[in-house]
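Notes follow once the structure below has been shown.
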Amino acid sequence: MRTEDVLAAIATGVWRWDMAAGVVTLDSEAARLLGLPTGQTSHSVTAVRSRFHPVDWNEMRGVVNLSIAEGTLAEVRLRVVDEAGHVLRTVRSRSKPQLIGQTADVYVGVGTIQEAVEPHPGTSGGRARITGDWRRSREAFLLDAGRALAEARSTSEVLRVAASLSMPGFSPDGLAVFGVEGDRLTIIGHHGHNPGADGPFTDMTLDTDYPAAEVVRNGQAIYLPTPQEYEHRYPAAWPLAQVFHRQSWAFLPLVVAGRTMGAWMAAFKHPVAFTPDERSVLTTVARMLAQALARAVVAESERELSLGLQRSMLPTLGPEIPGMTVAARYVPTGGGLQVGGDWYDMIPLPSGRVALVIGDVQGHDVRAAGVMGQLRIALRAYASEGHRPDAVLSRAGRFLSGLTDTYEDDDFGGPRFATCLYAEVDPVAGTLDVARAGHPDPVLITADGTPMLHPTAGGLPLGIEEDTDYPTTRISLQEGEALMFCTDGLIETGGHDMATGWDRLRPIMEEYAEGSLEKMADALVQGVIGPSSHHTVGPLADRREDDIAVLLLSRDSEQRVSVRRTALTVAQAQPERIAEARRQLRDLLHDWSDQEQVDSAELMVSEMVTNVLVHTDGDAALVATATGELGARRLRVEVADASDELPHKRRPGEMASSGRGLVLMEMLADAWGVDPRGAGKSIWFELYESKSGSGADDSPEP
């Protein structure tokens, strides 16, 4: 007797779905059960779908997808309706779908279909239909679970989220996540078990007769709805599970990119039948859990790599400098691997002096950190050979140009450049010879705590051109004064530019000028990325979009004196530095009580320096000093040149374009004069501050 005849005798039909071709093949019994012509074997999917209740058809699609994921049979009850939508009968289908494409909608399924007898009302037979409320609760749960797992950034966070999941109607009270190390099964974490209860499960091989091990071996879920089934299928492992007094268990594979990375166990104190809907929820959670764990493992690996890079590349300070104090801070950017291209260094030199270096390689990614490490080593090597600051930077520029040329066509976006400031410190004389390659100027903090930008000569950033000159500027650091070197991340962070960033840092340096350099360094960093900057420009999320490096150097003093000083040389070929001289003077007098005196001082400085450039062949050397206590200070400004010709006061006509310099000084200064020197002369003026801003009565004697 043929198989078809046997199936027909027991009212069972056979059907085959080919979703790729959109064709369903039915035998005569299957066609009869669906109310379709029995003489026709092939029907369109649309024609067959129209014979089922829409709710049941959607349920069947979910069951088929679950069956494909688990590799199990798809079993579902379907209501058959006529053209008017009236229910004719209920059928039960069992099939084995197999994917033939990359999506769950492209599959071929072969199975049987037979009429099902509906249970009488009030009986316990059959399975209660899932209500719409339950489906909505399930969807809401899966959305919340997916969002929570997506936000977890570590394995412990993922396990904590998994333990807090409250599944609709069947929440587990015991969870365990198993991983794989070689040929052994390990426990990554668990919940709902006493400490130490995982002991018997921590040393299992993958060939152990245990559900989690089998899941890892086969990649298929295992459902154990009763203790009897657990004991029957896994008699060797049952004594280990029996002590936890659970009633049902689900073991699901954790699959990422087609590879089973572990297993997830959900244990229940109450019986669970593991209906298709319940299995669908568990399968979806297992997929999300696997993805979250995979992301957590990658994130933890990146953090470990980041910490290793930081430990190996973290800037360090060398031995103490006699008579001086040094403090430094480094803050990596907030994103990525927490490494970047900023650095500082302190290098002992063969001459007994010390070099201070601070720099910033373009970018704040892994490659920027790598380039920084190589450049830092090169700078150390050139400095240790005894080269002067300009020669050290020139050699470092050629090194970086050759280094980045090898990456010009790679996937990192071409060559990188770097800014750098190199200062050779003479502790005995208190001087610094500074060479600068595109880096921000240093900040001088005077003895009375006034911070001022100190312009220094400089050249192009390293790596732009192979042969670049880097002129050297000498800074004389007086007792009680300090210098601050930083990368642009300290200034241009949180929506600031160079000007507004400097305005943000100045009050911080003034506030901590009388304290230790360590406190000032902390305050500068916190002022940019900490709570104290919440009210400033830019959202808080932008506070760490760039690396930050800060280096502070002070010359020790027995007692603090109320003196602030600035010096500047304006060369014949640099008339544009007259504006820089005015700006430095305004910074020096930023808290002067009489603003008109500040304007007068700027005007007189412009006249004095301009006269030197116009009427002599030499450079103008400007020195401005403010002494005394706040409200009663004396400003003395001297401009020296190498010419022996003394200026004469003239009476210029109304239309004359020059000759008013000494007249202005006589009108605006409290005291002024011209002093001959051994070679050249010095012209000077003084202004006396009073709290009232009126001038003469309260002024000190010149």
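Separating the CG atom in L375 from the CG atom in L379 is a distance of 4.5 Å, to the nearest 0.5 Å.
With sequence neighbours left out, E157 forms a salt bridge (Lys or Arg N to Asp or Glu O under 4.0 Å) with no residue at all. With sequence neighbours left out, F251 forms a ring pair (Phe, Tyr, Trp, His ring centres under 6.0 Å) with Y210. Remark: R233 pairs with E229 by the salt bridge (Lys or Arg N to Asp or Glu O under 4.0 Å) rule, at least two apart or across chains. Remark: R16 engages D18, T25, V108, V110 in a side-chain contact (heavy atoms from CB on, under 4.5 Å) (not counting sequence neighbours). Residues forming a side-chain contact (heavy atoms from CB on, under 4.5 Å) with P227 (at least two apart in sequence, or on another chain): W238, Q247, W249. In this view, R287 satisfies the salt bridge (Lys or Arg N to Asp or Glu O under 4.0 Å) rule with no residue, not counting sequence neighbours. Among residues two or more places apart in sequence or in another chain, the side-chain contact (heavy atoms from CB on, under 4.5 Å) test is passed with A521 by R329, L552. Judged as a side-chain hydrogen bond (donor to acceptor under 3.5 Å, both in side chains), and not counting sequence neighbours, N218 has no contacts. V255 is linked by a side-chain contact (heavy atoms from CB on, under 4.5 Å) to P253, T260, counting only residues two or more places apart in sequence or in another chain. Scored by the side-chain hydrogen bond (donor to acceptor under 3.5 Å, both in side chains) test, S248 finds no partners at all (sequence neighbours excluded). Under the rule for a salt bridge (Lys or Arg N to Asp or Glu O under 4.0 Å), the partners of R94 that lie at least two apart in sequence or sit in another chain are E75.
Ring geometry for F274 versus F268: interplanar angle over 60°, hence perpendicular rather than tilted (30 to 60°).
In this model, a donor atom of one side chain and an acceptor atom of the other lie less than 3.5 Å apart for E214 and Y234. Remark: the S280 side chain and the T283 side chain contain no N/O donor-acceptor pair separated by less than 3.5 Å. With hydrogens and angles left out, the side-chain atoms of S44 and T46 include no donor and acceptor closer than 3.5 Å.
In this structure, D173 contributes its side chain and K269 its backbone to a donor-acceptor pair below 3.5 Å.
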Would you list the atom pairs, donor with acceptor, under 3.5 Å between side chains in residues 176-187 and any protein atom, with sequence neighbours excluded?
unit_1: R184; atom_1: NE; unit_2: D203; atom_2: OD1; d: 3.1
unit_1: R184; atom_1: NH2; unit_2: D203; atom_2: OD1; d: 2.5
unit_1: T186; atom_1: OG1; unit_2: G179; atom_2: O; d: 3.3

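The shortest side-chain heavy-atom distance between V45 and M19 falls under the 4.5 Å cut-off. In this structure, C486 and L524 have side chains that are not in contact, with every pair of non-hydrogen atoms separated by 4.5 Å or more.
A salt bridge does not link R217 to D207: none of the charged nitrogens lies less than 4.0 Å from a carboxylate oxygen.
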Legend entry - Residue pair T487, H439: steps toward the side-chain contact (heavy atoms from CB on, under 4.5 Å) verdict: CA-CA 7 Å; T487 57; H439 203 79; 3.9 Å; yes
